[in-house]
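Because the structure is predicted, anything quoted here is derived from the model rather than measured. Labels below follow one simple rule: chain letters A, B, ... track the order of the sequence lines, proteins then strands, and each chain is numbered from 1.
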Amino acid sequence: GAGVSQSPRYKVAKRGQDVALRCDPISGHVSLFWYQQALGQGPEFLTYFQNEAQLDKSGLPSDRFFAERPEGSVSTLKIQRTQQEDSAVYLCASSPRAQTGETQYFGPGTRLLVL
Amino acid sequence: GQNIDQPTEMTATEGAIVQINCTYQTSGFNGLFWYQQHAGEAPTFLSYNVLDGLEEKGRFSSFLSRSKGYSYLLLKELQMKDSASYLCAVPNSGGYQKVTFGIGTKLQVIP
């Protein structure tokens with residue numbers, strides 16, 4: 001079946017612009033994660049949704065970052081007033097349930113470059 | 001919190017065996033993951049260990065020692081396509097799956 005998809009795959013933004021990154025998880029998956037991955041680093045947790053509920057947003061770097069999943073499926077990560085340090089790959093992952101030890105299925109990521 | 005250490009880079013020869021180590025510190029252990037990530041692509045699941053010992057899956061095996069806070073990923077009969085980053089990751093001790101990833105070990109397989 002279809003995997004996790006993300007759009008756009010690449011985004012170039014001018015400093016100060018707002019951006020919106022979309023994630024379509026695998027259908028029926030309860031859990032959805034957003035990660036930020038800088039070059040040469042591992043993914044860093046940003047936020048977690050269980051269905052439509054955002055249970056953890058402890059990894060969001062600042063109040064410029066906002067995520068939502070209003071109907072418990074598609075999710076959007078919004079970054080307001082982008083800064084150069086926001087340049088990274090933003091990965092979305094989903095898993096079938098909300099249990100510890102569940103495999104996470106990752107999307108291809110959105111590569112954001114802020115100029 | 002969680003802390004994970006793994007080498008940043010390794011090089012190995014096609015056809016050989018390579019072992020990628022990972023040490024971790026966690027306040028509550030809930031297993032350990034290994035993911036593979038090719039350059040510019042998404043991480044993909046390789047293994048999940050909860051109990052001590054070696055688990056084998058074809059050319060890839062993963063080992064865990066909970067008492068030592070140590071795991072390794074063993075890749076046999078290396079192929080050029082195994083050139084990738086290998087990410088060690090541990091779930092947190094909460095009620096869901098927040099996962100902390102290591103920096104990743106970039107493996108280069110050479111002819």
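- Of the residues A:Tyr48, A:Phe33, A:Phe45, A:Tyr35, the one that meets the side chain to side chain contact (heavy atoms under 4.5 Å, CB included) test with B:Val99 is A:Tyr35.
- The number of heavy-atom neighbours closer than 6.0 Å to CD of A:Glu71, taken from other residues, nucleotides and ligands shown, is 12 or below.
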Applying side chain to side chain contact (heavy atoms under 4.5 Å, CB included), run through B:Tyr35 and A:Thr103 and close with a yes or a no. CA-CA 10 Å; B:Tyr35 281 82; A:Thr103 299; 4.2 Å; yes
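- A single hydrophobic cluster is not seen to contain both A:Trp34 and A:Val4; linkage of ILVMFWY side chains at heavy-atom distances under 4.5 Å, directly or through other members, places them apart.
- Of the atoms belonging to A:Gln37, it is side-chain heavy atoms, and not backbone ones, that fall under 4.5 Å from chain B.
- A:Arg15 CZ: 12 or fewer foreign heavy atoms inside a 6.0 Å radius.
- A:Leu21 is connected to A:Leu60 through a chain of hydrophobic side-chain contacts under 4.5 Å among Ile, Leu, Val, Met, Phe, Trp and Tyr, so both are in one cluster.
- Between A:Gly107 and B:Ala42, the shortest heavy-atom contact is O-CB, 2.8 Å.
- Criterion: ILVMFWY side-chain heavy atoms under 4.5 Å apart, direct or through other members. Under it, A:Leu91 and A:Ile79 are not part of a common hydrophobic cluster.
- Contacts between residues 61-85 of chain B and chain A, counted as heavy-atom pairs separated by less than 4.5 Å, involve no residue at all.
- The hydrophobic cluster containing A:Tyr90 does not contain A:Phe106, counting ILVMFWY residues as joined when their side-chain heavy atoms lie under 4.5 angstrom apart, directly or transitively.
- Within the 4.5 angstrom heavy-atom criterion, only side-chain atoms of B:Leu87, from C-beta onward, approach chain A.
- The OH atom of B:Tyr48 sits 9.5 Å away from atom CD of A:Glu102, with the distance rounded to the nearest 0.5 Å.
- Here B:Thr44 contributes atom OG1 and A:Gln104 contributes atom CD; the two are 13.0 Å apart, rounded to the nearest 0.5 Å.
- For A:Glu44, the CD atom counts as loosely surrounded, since its 6.0 Å shell holds 12 or fewer non-hydrogen atoms of other residues, nucleotides or ligands.
- Looking at every heavy atom in both residues, A:Ser58 comes nearest to B:Lys98 through OG-NZ, 3.2 Å.
- Residue A:Val74 is not grouped with residue A:Val19 when hydrophobic side chains (ILVMFWY) are merged at heavy-atom distances under 4.5 angstrom, including chains of intermediate members.
- Contacts between residues 108-115 of chain A and chain B, counted as heavy-atom pairs separated by less than 4.5 Å, involve A:Pro108, A:Arg111.
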